[in-house]
Amino acid sequence: MRNPYEVLGVPKAASEADIKKAYRKLAKEFHPDRNKTDVKAKDRFAEVNSAYEILGDADKRKQFDRGEIDADGRPRATGFEGFGGFGGGGGGGGGRGFDFESMARNQRGGMGGGGMGEDIFSHIFGEAFRAGGAGPGPRQAPRGEDVSAELIVTLEQVGGEEKLRLNLPTGREVDVMIPKGVVDGQTIRLRGLGYGGGPRAEPGDALLTIRIQPHPRFKTEGADLRVSVDVPLDDAILGGTIRVPTLTGAVEMKMPPMTSSGRTFRLRGKGLPKKDGTRGDLFATTAITLPAGDDEALAEFARARRAARVG
C-alpha cells in the first residue's frame, strides 16, 4: 500500500483532528453505497480505511513514523544486517555466526538476571520475546466513529409506525422503522451504520434523535392524545352523534343530552403505539359553539331563561 499520509492527503505533522477530518471526507466520497458501479472507488475506500487504521491509532502511527512497521502495518525486519547465521559460532553459512542465546545467558549472569540480554531480544524481535516469547496478541483495530443524525416525523407517521428513508452523514441511505413508544427527543442507536474503522475493525454506530413535529390539532401526553371538538349548541342540549378527528381519520361518537362545554370523552385505542404493542387513548374535549349571525328564536329563549332565573 502507498504511504498512508499520501493516501489521506495529509502532511506528516498533521494533527489527529486533521487526520480524522481527511478520513471522514474520503470515506464519504468513496463509500461503496455511493459508488455501486465504480470498482475503483471500492478499492480506494479500502485503501483509505487501511491508511486510517495506521494513522488513526496513536501507537501504530508512532511505529510507522519510526519505521518499525510498513504501510500495511506489518513489522519491518531490522537488526540482522552483518550476521551470517544463528546458533553456535562459525556456522556453515559463510559469515560469522552469532549466538543470541549465549549472549543473553552471559548478560544475565553478569548483571544479576534480566538486563541487557533480554533488552536486546526485545529490541530486535519486539515485545513478543518478553515473558518467554508469549507476547500479547494482535492489537485490535480502532473502532469506527459514531455519527449523529435527526429524523423529523409527524404524529401521523408515528401513529402509523411508518418506515422512512434517511440519509446519514456517511452518505448512506437507510430505511428506518419508527419504533413503538417513541417520544420527542429520544435517541436510538443504529448499530454498525457509523464510519468504518478499517478493513478489520468494527464500524461505529449511528445515533438517531427523533423529533416529532407539533400538530395543529392534537396534543401529546405520552402515548395519549388530546383534541378539542366543536359542538353545536343544539347537539349539546339535545344530544346526538358528533365526528371526532383521529390520526387515521374522523370517527363518530355519541354524545348525551345536556353536555356542557369542557366535558371530556375517552376514545380507547385511538392514541399512539406503546412499546408493549397496545395503543394509547384519545381524549376529546367539547367546545360548545353558538350559531353564526342573529338567531331571534335563540335570543328569545335566552331572555325567557334569564327572566325565570332572576325572578
Side-chain angles (χ1 to χ4, degrees), residues 1-83 86 119-130 133-149 166-174 190-207:
M1 191 184 80
R2 292 188 295 145
N3 186 306
Y5 289 103
E6 295 179 2
V7 173
L8 297 184
V10 295
K12 192 172 181 180
S15 65
E16 292 183 10
D18 290 337
I19 289 175
K20 182 180 294 186
K21 182 179 179 181
Y23 164 69
R24 292 179 63 176
K25 178 182 178 182
L26 293 173
K28 183 176 181 179
E29 179 181 353
F30 295 109
H31 197 286
D33 287 346
R34 303 185 68 182
N35 304 272
K36 296 181 179 179
T37 60
D38 190 346
V39 178
K40 292 183 178 180
K42 182 179 180 180
D43 295 338
R44 187 80 169 88
F45 180 75
E47 186 181 40
V48 167
N49 278 317
S50 296
Y52 185 67
E53 183 178 345
I54 293 177
L55 300 187
D57 184 305
D59 292 336
K60 286 187 178 181
R61 183 182 180 186
K62 291 177 182 177
Q63 289 177 327
F64 177 80
D65 291 344
R66 291 194 298 262
E68 297 173 3
I69 60 175
D70 61 18
D72 292 313
R74 294 189 295 261
R76 295 181 185 273
T78 60
F80 292 95
E81 293 79 9
F83 297 116
F86 300 94
D119 290 341
I120 287 179
F121 275 96
S122 298
H123 175 73
I124 295 178
F125 294 100
E127 292 295 323
F129 258 82
R130 294 191 185 273
R139 181 185 297 274
Q140 185 177 1
R143 181 177 177 274
E145 185 179 359
D146 293 340
V147 297
S148 298
L166 172 68
N167 292 312
L168 294 173
T170 59
R172 187 171 182 177
E173 288 187 347
V174 295
L190 306 178
R191 297 197 177 277
L193 295 183
Y195 286 106
R200 296 178 297 277
E202 179 184 356
D205 301 331
L207 305 179

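In what follows, residues are counted from 1 in the order of the sequence shown.
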Check: K60 main-chain N/O paired with D57 side-chain donor or acceptor under 3.5 Å: yes

Nearest heavy-atom neighbours spanning P4 and A71: CD-CB, 4.0 Å

For A27 against V48, the heavy-atom pair lying closest together: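 Residues A27 and V48, closest heavy atoms: N-CG1, 4.3 Å.
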
What donor-acceptor contacts under 3.5 angstrom involve side-chain atoms of residues 7-19, with partners at least two apart or in another chain?
{"unit_1": "S15", "atom_1": "OG", "unit_2": "D18", "atom_2": "N", "d": "3.2"}
{"unit_1": "S15", "atom_1": "OG", "unit_2": "D18", "atom_2": "OD2", "d": "3.2"}

Approximate separation, where rounding is to 0.5 Å, of [X] [atom1] and [Y] [atom2]:
X: K42; Y: D38; atom1: NZ; atom2: CG; result: 11.5 Å
X: H31; Y: Y195; atom1: NE2; atom2: OH; result: 9.5 Å
X: Q63; Y: I54; atom1: CD; atom2: CD1; result: 9.5 Å

Audit row: K28, T170, side-chain contact (heavy atoms from CB on, under 4.5 Å) steps and yes/no: CA-CA 5 Å; K28 183 176 181 179; T170 59; 5.9 Å; no

Side chain to side chain, R34 and R172, heavy atoms closer than 4.5 Å: no

Side-chain heavy-atom pair L190, D205 within 4.5 angstrom cut-off: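 Sidechains of D205 and L190: no contact.
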
For [X], side chain to side chain donor-acceptor pair (under 3.5 Å) partners two or more places apart:
X: D65; value: Y5
X: D72; value: R74
X: D146; value: R143
X: E173; value: R165

Ring centres under 6.0 angstrom apart (Y52, Y23):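 Yes, the ring centres sit under 6.0 Å apart.
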
Intermediate values then yes/no, side-chain contact (heavy atoms from CB on, under 4.5 Å), L168 and L193: CA-CA 8 Å; L168 294 173; L193 295 183; 3.9 Å; yes

Contacts of type side-chain contact (heavy atoms from CB on, under 4.5 Å), residue E6, not counting sequence neighbours: R2, N3

